[in-house]
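Here is the structure we will look at, set down as structure tokens.
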2 protein chains.
Amino acid sequence: MKIGELSRATGTNIETIRYYERIGLLPAPARTDANYRSYGDAHRARLRFVRHSRELGFTIDEIRSLLDLSDHPERDCADADRIASAHLEQVEAKIAQLSALRDELTRIVGRCRGGLAGDCRVIEALGDHGQCGGAH
Amino acid sequence: MKIGELSRATGTNIETIRYYERIGLLPAPARTDANYRSYGDAHRARLRFVRHSRELGFTIDEIRSLLDLSDHPERDCADADRIASAHLEQVEAKIAQLSALRDELTRIVGRCRGGLAGDCRVIEALGDHGQCGGAH
DNA sequence: GCTTGACCCTGTAGTTGCTACAGGGTGCAT
DNA sequence: ATGCACCCTGTAGCAACTACAGGGTCAAGC
């Protein structure tokens, strides 16, 4: 299939596919006589793997390691589990951090009673970190 | 005070302070004879406002608007409240998204029973979006 | 008076993960 | 033959910094 078809089949931008090839995440496919990229099922499966991993928030480097494992079925699965577990921890940390932000933003927004910017509690709270109770 | 002192007083990288000046977020300060930047209390307060807002996840453009309001106390505070509310919504959406990711990652990681990468459930799950139950 | 070290300056390039052109070639239908 | 959809390469842009390179300034200590 040509790059446009692969793009539609995986929901990936064409430029992104070429970008992945450029950085070595996808192997360079064969070319037609007109120098068009020609992909097979293996390319599609690999790209789906990459896109799904990206949707889950894995970095390109993490995906590189995961693909490497996937290419070497004789290796230890524990590596994949380690990468995924570490990523899960990061996601949980990010959720905790954002929850703290949400709480503080809720507090700040709730204080607005309208009026002029000169008396604005929102602006005041942004300038004065001491009001936060050490949340961040 | 010199840039190093301002840096320590606000916990901001020196390069970041110069960057903020370059993009017009902080006003250019006076200079000493040796061409060193010389800051006053107003600069420090403004930088604290910027850093605190950044910690809360506001973008530079949002901060520009908030600073603009802060510089014009006669304007309507509702603008500040609108920016903060919109940002709060984004934070809540991000938390919801990350929570879904966490759930799926937990599911994926929990399936690993050790063994070889060829049989790895983690790698399998990454390649097969159909296992996700349409969560994302 | 000379060196050492901490500090400051400008300007440019790198980071992540794409996305968006510019400027051209290919292939098929009308 | 001409329009249009599609493909190619190469480069530049985004956010919000961060990291140099290559140089100037200043106070302390010998």
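Below, chains carry the letters A, B, ... as their sequence lines are ordered, and counting in each starts from 1.
Side-chain polar atoms of Y20(A) and R51(A) form a donor-acceptor pair below 3.5 angstrom. Side chains of H52(B) and E104(A): a donor-acceptor N/O pair is present below 3.5 angstrom, by distance only. The closest side-chain donor-acceptor pair between R46(B) and Y39(B), if any, does not fall under 3.5 angstrom.
Rounded to a whole Å, the OH atom of Y19(A) is 15 Å from the C1' atom of dA12(D). What separates CZ of R37(B) from P of dT25(D) is a distance of 15 Å, to the nearest Å. Atoms CD (E15(B)) and C1' (dC7(C)) sit 13 Å apart, rounded to a whole Å. In this structure, D33(B) atom CG and dC9(C) atom P are separated by 14 Å, rounded to whole Å. Computed from coordinates, the R31(B) CZ to dC8(C) P distance equals 12 Å when rounded to whole Å. The distance from atom CG of L25(B) to atom C1' of dA16(D) is 11 Å, rounded to the nearest whole Å. Residue L26(B) contributes atom CG, which lies 14 Å from atom P of dA16(D) at whole-angstrom precision. Atom-to-atom, NZ of K2(A) to C1' of dG27(C) comes out at 7 Å; the value is rounded to the nearest Å.
Annotation: of the two residues near DNA chain C, Y36(A) and R18(A), the 5′-most nearest-nucleotide partner is R18(A). Across the interface with DNA chain D, nearest-nucleotide mapping of R51(B) and E21(A) shows E21(A) to be the residue nearer the 5′ end.
An OP1 or OP2 oxygen of dT10(C) is reached within less than 4.0 angstrom by no side-chain nitrogen or oxygen of R22(B). Residue T16(B) places at least one side-chain N or O closer than 4.0 Å to OP1 or OP2 of dT18(D). Note on R54(B): a side-chain N or O is less than 4.0 Å away from OP1 or OP2 of dC17(D). N13(A) has a side-chain polar atom (N or O) that falls below the 4.0 Å cut-off from OP1 or OP2 of dT19(C).
Within the nucleic acid shown, I23(B) has no heavy atom closer than 4.0 Å to any nucleic acid atom. Within 4.0 Å (heavy atoms only), Y20(A) reaches sugar-phosphate atoms of the nucleic acid but no base atom. No engagement by T32(B) is indicated, since no non-hydrogen atom pair under 4.0 Å with the nucleic acid exists.
Classification of E15(A) and R18(A) as a salt-bridged pair holds, one side-chain N sitting under 4.0 Å from a carboxylate O.
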Exercise for the section: Might you work through the side-chain contact (heavy atoms from CB on, under 4.5 Å) test for N13(A) and Y19(A), ending with a clear yes or no? Expected result: CA-CA 10 Å; N13(A) 197 319; Y19(A) 168 71; over 6 Å; no
